[in-house]
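See structure below.
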Amino acid sequence: MATGKHPAVLGSGSPRKPWRLPADGHPAPGCYLRSLKKLEMSQDSKFFHNLMEKKDFEAWLDNISIAFLSLTDLQKNETLDHLISLSGAVQLRHLSNNLEILLKRDFLKLLPLELSFYLLKWLDPQTLLTCCLVSKQWNKVISACTEVWQTACKNLGWQIDDSVQDPLHWKKVYLKAILRMKQLKDHEAFETSSLIGHSARVYALYYKDGLLCTGSDDLSAKLWDVSTGQCIYGIQTHTCAAVKFDEQKLVTGSFDNTVACWEWSSGAKTQHFRGHTGAVFSVDYNDELDILVSGSADFTVKVWALSTGTCLNTLTGHTEWVTKVVLQKCKVKSLMHSPGDYILLSADKYEIKIWPIGREINCKCLRTLSVSEDRSISLQPRLHFDGKYIVCSSALGLYQWDFASYDILRVIKPPDFSNVSLLGFGEIFALLFDNRYLYIMDLRTEKLISRWPLPEYRKSKRGSSFLAGEISWLNGLNGQNDTGLVFATSMPDHSIHLWK
């Protein structure tokens, strides 16, 4: 192929001198256009194309290309405009087809899948959902980007099960999650119902595995199936200030200063625990340890043998009514306890006391927690303890202690917290309430994400008339734990109001 030479341009029949670049390598702006103009004015362009040999055409095209690349952007645009004006239908169609290929490249289709996933991670979920509408290929690639959708689900407070192998699973979960969060914000997530059967005030509530136990001033306790609203058992008891149950038995704390154990099937009293000199406001028990604990208005906590009714120990140190006792396995290690040790927490108006408990009964208080040394700030009569953290609300906010060190991890202060009480506390969400509303808080941001107006429920200084239902969802939703009872409260008309 000849280099630096331009084939003769046939126009008038006389050979033309080859067109060469100027010494500086840059053509004069009008030179290239004049050459094209001469070509345009050729009297027989068909004859010109037929006579130009392939190698001559290639040489000509090389020279034209070199000249074109040396032009400015404006000159290039003018050149292209001129060529387009000379083109016919065949050339314009050819140009349109090639431009579409060059300008509309599908990068998700062309890139390796791993690189596509990396790029998609920088987009927010709503933008990704819009991108899914571009094409079937985009929808397929984006839907299979597991890490993106898992992260989006986590941000909504959803639990992640890494054992799920279906690559399309987590996009479906995300769509369900945003629907559930919308329902929560729009007050469409719950349905309400009432349980009617008591003839006097309902003081005590306890929920477990779809069953709700209620203890009343009418000297009875009832066990209800929450899903159907049917009363399964109803037995005659004393006045119930606190209740806890399992499949076989019911344990009640009473305003008559005693604790009793009842058999559901027969209604018979199987054990009676006498020794307190004030009303018993809270009870808890553990069958494995054969231990029952009770907190009373006489400022004491008593430890009983569950099977015999014998008082094993009386724990003193409180200077106010003991309104809550919790018996729980420890899940963290410290100098004072190890994972698996049983721990007893007891709370009054100002303090939370921590006791070791097990088969050796002579225990001493490990630590006393409070939010103010001068007792100027009182605690709400509710307590959360899961073996790792202790949580209690006060007029200053929601206090969370680390059980390994007993240090305060944080104090959560939502707006107007002075009248807000703790109902449930998890890893992701907290359930709170006051006289007017039920609140859900995202504990990661410490912001309230939803609230619902409450009915005029019966108020109780001990907080016993308001109860959380299913609480596993507070550790994160998973698509299965967002059904069932959310909370229950006793009403002034002696009914029990349920939100499910």
Side-chain angles (χ1 to χ4, degrees), residues 203-209 211-215 219-223 232-298 300-316 318 322-330 337-347 353-366 383 385 387 464:
Y203 276 108
L205 300 169
Y206 186 81
Y207 176 82
K208 179 182 178 182
D209 298 335
L211 301 175
L212 177 68
C213 180
T214 57
L219 305 182
S220 75
K222 297 182 184 296
L223 188 65
I232 302 172
Y233 291 115
I235 60 177
Q236 293 300 307
T237 61
H238 45 191
T239 57
C240 295
V243 293
K244 184 175 180 180
F245 72 92
D246 56 40
E247 292 79 2
Q248 287 79 36
K249 63 182 176 294
L250 165 69
V251 175
T252 58
S254 175
F255 292 104
D256 67 7
N257 306 344
T258 70
V259 179
C261 185
W262 315 80
E263 185 179 66
W264 280 121
S265 58
S266 65
K269 184 193 301 180
T270 58
Q271 204 57 255
H272 209 175
F273 306 83
R274 294 182 175 90
H276 281 296
T277 58
V280 178
F281 293 138
S282 182
V283 294
D284 203 353
Y285 65 86
N286 183 279
D287 288 307
E288 179 185 350
L289 298 176
D290 190 32
I291 283 178
L292 181 146
V293 293
S294 56
S296 170
D298 63 9
T300 69
V301 176
K302 287 188 178 291
V303 183
W304 314 80
L306 181 59
S307 58
T308 65
T310 304
C311 182
L312 303 174
N313 204 349
T314 299
L315 309 179
T316 60
H318 285 284
V322 181
T323 55
K324 188 68 175 179
V325 291
V326 178
L327 192 58
Q328 173 70 40
K329 264 187 179 181
C330 173
H337 46 70
S338 300
D341 292 347
Y342 278 93
I343 300 294
L344 168 63
L345 265 61
S346 58
K353 291 187 177 293
I354 303 170
W355 314 82
I357 199 165
R359 301 196 181 278
E360 70 285 359
I361 300 303
N362 295 321
C363 56
K364 295 182 180 180
C365 182
L366 296 176
L383 183 66
F385 178 50
S464 59

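Just so you know, these numbers come straight off a predicted model, no measurement behind them. Computed from heavy atoms alone, side chains included, the values below leave out hydrogens, waters and symmetry copies.
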Just how far is it from atom [atom1] of [X] to atom [atom2] of [Y], taken to the nearest 0.5 Å?
{"X": "His276", "Y": "Thr314", "atom1": "NE2", "atom2": "OG1", "value": "7.5 Å"}
{"X": "Leu212", "Y": "Ile232", "atom1": "CG", "atom2": "CD1", "value": "10.0 Å"}
{"X": "Leu383", "Y": "Thr323", "atom1": "CG", "atom2": "OG1", "value": "8.5 Å"}
{"X": "Asp298", "Y": "Phe281", "atom1": "CG", "atom2": "CZ", "value": "9.5 Å"}
{"X": "Glu247", "Y": "Leu211", "atom1": "CD", "atom2": "CG", "value": "8.5 Å"}
{"X": "Lys222", "Y": "Cys240", "atom1": "NZ", "atom2": "SG", "value": "11.5 Å"}

Over all heavy atoms of both residues, which pair between [X] and [Y] is shortest? Give the atoms and the distance, please.
{"X": "Asp246", "Y": "Tyr285", "value": "OD2-OH, 3.0 Å"}
{"X": "Thr258", "Y": "Arg274", "value": "CG2-CG, 4.0 Å"}
{"X": "Leu219", "Y": "Gln236", "value": "O-OE1, 3.2 Å"}
{"X": "Gly340", "Y": "Lys329", "value": "O-CG, 3.9 Å"}
{"X": "Phe273", "Y": "Gly309", "value": "CE2-CA, 3.3 Å"}
{"X": "Ser294", "Y": "Val259", "value": "CB-CG2, 4.0 Å"}

Does [X] reach the side chain of [Y], with side-chain heavy atoms less than 4.5 Å apart?
{"X": "Tyr207", "Y": "Phe245", "value": "no"}
{"X": "Ile291", "Y": "Leu344", "value": "no"}
{"X": "Asp287", "Y": "Gln248", "value": "no"}
{"X": "Thr237", "Y": "Val243", "value": "no"}
{"X": "Asp341", "Y": "Pro356", "value": "no"}
{"X": "Val322", "Y": "Ser296", "value": "no"}

Original post:
Where the side chain of Gln271 meets the backbone of Ser307, is there a donor-acceptor pair that is under 3.5 Å apart?
Top reply: yes
Original post:
Taking Ser254 for the side chain and Thr239 for the main chain, is one N or O donor matched with an acceptor at less than 3.5 Å?
Top reply: yes
**OP:** Report the residues that fulfil salt bridge (charged side-chain N to carboxylate O under 4.0 Å, His left out) with Asp256, sequence neighbours left out, ordered by chain and then residue number.
**Re:** none
**OP:** Taking salt bridge (charged side-chain N to carboxylate O under 4.0 Å, His left out) as the test, write out the residues that go with Asp284, two or more places apart.
**Re:** Lys244
By side chain to side chain donor-acceptor pair (under 3.5 Å), which residues pair with [X], not counting sequence neighbours?
{"X": "Lys324", "value": "none"}
{"X": "Thr316", "value": "none"}
{"X": "Asn286", "value": "Tyr342"}

Original post:
In chain order, what residues pass the ring-ring contact (aromatic ring centres under 6.0 Å, His included) check against Tyr233, with sequence neighbours excluded?
Top reply: Trp264
Original post:
Pick one: which of Asn313, Leu345, Leu315 meets side chain to side chain contact (heavy atoms under 4.5 Å, CB included) with Val301?
Top reply: Leu315
Original post:
What do the steps show when you test His337 against Ile343 for side-chain contact (heavy atoms from CB on, under 4.5 Å), and what is the final call?
Top reply: CA-CA 9 Å; His337 46 70; Ile343 300 294; 4.2 Å; yes
